[in-house]
Amino acid sequence: MLSDRRLAIATFVIFIFLIGACTNVAGFLMSAMPADDYVMATIDPAATATATPFGPLEPTITPPPPPAASATPLPTPTSVEPWGDFPAPVEPSAIEIRRPMAPLKVPDGTINIIILGSDQRPYEYGHRTDTMMLLSLDPQAGTATLLSFPRDLYVFIPGWRMDRINTADANGGPQRVAQTLLYNFGLEVDHWVRVNFWGFTQAIDTLGGIDVQVGAGLRDECGGIYWRYGEGTYHMDGFTALCYVRMRHVTGDFDRMRRQQEVVLAIFNRVLSLDGLARTPELYTQFRTMVETDMQIDDILPLLPLAAKLSTDPSQIKRLEIGLEMGELWRVPYSGASVVLPKWEPIEAMLLENFNSPQ
């Protein structure tokens, strides 16, 4: 039988990969926490950036307008049944349903975990997964790949209809999400994790905060306070990190995906430091209250060597996203909703390059 300590450390291996998906609770916390309680980000003395981490925005600055959504009608009813062995749609779809992508041939031993960050609030029914990442672990090669999906990506959800990808979980659970990823992207999901956000800030604070490598400038508002970041390393507590990954008044979801991945890597680096490992029992207790998953201890233990390897060579963690160049804004004719239509040629090229095994 595993000791409690070994169980804690093993489960914590998954925690360090997953906690970075806990982002969407920030909107709830912003309205609930008094402004006097906010802790500001501070820049690392060794950082090269010259901009200050926060400060008032100039009154004349206004958010840039988003690209205009195309209203060009696309083919509507699906006249053939392209979905093969997948569940057929039960509702009409606004555009032609694309045929499924062939399953990608990943290297032997690869484990794909879908990370779902729900925006559900306490005492409210229903949710959307406004954070969705696929974590692909290759223990043999000693690598990890993190792929982010835009929440408004307009895809076929098997057994339902064409809709935003972030509605799949609420309309069929993780199994429906797995079918959606397999149908549209050829990615088979081995395990799923759905994050409960309420322990996120405490977990980061227990670590003593995290050092986030900010890759691009950001000026935005969170909780009545204006924040300013330049490129460089910033020390953030739990709430500051939530603000950083959630803000999108002057940017958008594509920029937010980059910030989410920056926080994932910062948590990973902090947890596998000496101080982080010393706090494993505290963090493990919080992990158990904030995550739902189908993973068992026997699924987690084999990942310990990979976590150790990645901690010494973070360059083996690849960060990918379905970015702005892989989609275009479009307005759904019957609802007026603005969504992101995938550009399948560059998406498939990226998937084949990074996930398909040549063997």
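Every value quoted in this text rests on a predicted model; they were computed, and no experiment measured them.
- Once rounded to the nearest 0.5 Å, the distance linking OG1 of Thr143 with CD1 of Ile317 reads 10.0 Å.
- Annotation for Glu345: atom CD does not count as buried by contact number, only 12 or fewer foreign heavy atoms lying within 6.0 Å.
- Heavy-atom contacts from other residues, nucleotides or ligands closer than 6.0 Å to CG of Asp313 number more than 12.
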query = Step by step, would you call Asn171 with Ile157 a side chain to side chain contact (heavy atoms under 4.5 Å, CB included)?
reply = CA-CA 9 Å; Asn171 290 277; Ile157 300 175; 5.7 Å; no
Working for side chain to side chain contact (heavy atoms under 4.5 Å, CB included), residues Val263 and Tyr244 = CA-CA 9 Å; Val263 169; Tyr244 178 67; 4.0 Å; yes
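- Contact of the Pro342 side chain with the Leu153 side chain is registered, since non-hydrogen atoms from C-beta on lie closer than 4.5 Å.
- Here the closest non-hydrogen pair linking Asp163 and Arg161 is OD2-NH2, 2.6 Å.
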Test log, rule side chain to side chain contact (heavy atoms under 4.5 Å, CB included), inputs Met236 and Asp211 = CA-CA 6 Å; Met236 301 182 188; Asp211 295 322; over 6 Å; no
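- Between Asp169 atom CG and Arg194 atom CZ the span is 4.0 Å, to the nearest 0.5 Å.
- Here the side chains of Leu116 and Val177 are in contact, with some heavy-atom distance below 4.5 Å.
- Between the side chain of Gln261 and the main chain of Leu320, a donor-acceptor pair closer than 3.5 Å is present.
- Side-chain contact between Ser338 and Trp330: absent, with no pair of heavy atoms (C-beta onward) separated by less than 4.5 Å.
- Pro82 and Pro100 get closest at one heavy-atom pair: O-CD, 3.0 Å.
- Two residues are said to be in side-chain contact when any heavy atoms from C-beta on lie closer than 4.5 Å; Met162 and Ile97 meet this criterion.
- With respect to Asp255 and Arg259, a salt bridge is recorded, a charged nitrogen being found less than 4.0 Å from a carboxylate O.
- Going from atom CZ of Arg99 over to atom CZ of Phe156 covers 12.5 Å, rounded to the nearest 0.5 Å.
- In this structure, the side chains of Ile165 and Met132 come closer than 4.5 Å at one or more pairs of heavy atoms.
- Of all heavy-atom pairs spanning Val155 and Trp344, the tightest one is CG1-CH2, 4.3 Å.
- If you look at Phe149 and Phe185, their ring centroids are closer than 6.0 Å.
- One hydrophobic cluster, built from ILVMFWY side chains closer than 4.5 Å, cannot hold both Val106 and Ile115; they sit in different ones.
- Taking both residues in full, the closest heavy atoms of Arg164 and Ala337 are given as NH2-CB, 3.8 Å, listed atom of the first, atom of the second, then distance.
- Distance alone, capped at 3.5 Å, is enough to place a donor-acceptor pair between the Tyr234 side chain and the Gly230 backbone.
- Side-chain contact check for Glu325 versus Lys343: every heavy-atom pair is 4.5 Å or farther apart.
- Here the side chains of Met247 and Glu221 are not in contact, with every heavy-atom distance at 4.5 Å or above.
- How far OG1 of Thr145 is from CZ of Phe355: 5.5 Å, rounded to the nearest 0.5 Å.
- No side-chain donor-acceptor contact under 3.5 Å links Asn356 to the backbone of Leu104.
- Under a 3.5 Å cut-off, the side chain of Asp294 and the backbone N or O of Trp192 do form a donor-acceptor pair.
- Using a distance-only test at 3.5 Å, with no hydrogens or angles considered, a donor-acceptor pair links the side chain of His235 to the main chain of Gly208.
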request  = Give the C-alpha distance, both sets of side-chain angles, the deciding distance and a yes or no for side chain to side chain contact (heavy atoms under 4.5 Å, CB included) between Asn112 and Leu135.
outcome  = CA-CA 6 Å; Asn112 288 336; Leu135 176 65; over 6 Å; no
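- Looking at every heavy atom in both residues, Asp237 comes nearest to Ile204 through C-CG2, 3.8 Å.
- Remark: Gln213 pairs with Thr233 by the side-chain contact (heavy atoms from CB on, under 4.5 Å) rule, at least two apart or across chains.
- Atom OG1 of Thr293 is separated from atom CD1 of Ile113 by 7.5 Å, given to the nearest 0.5 angstrom.
- Residues Ser148 and Met133 approach most closely at OG-CG, 3.7 Å, considering heavy atoms.
- Side chains of Glu91 and Trp160 form a contact here, defined as non-hydrogen atoms less than 4.5 Å apart.
- Here CD of Glu321 is found 9.0 Å from CE of Met350. Values are rounded to the nearest 0.5 Å.
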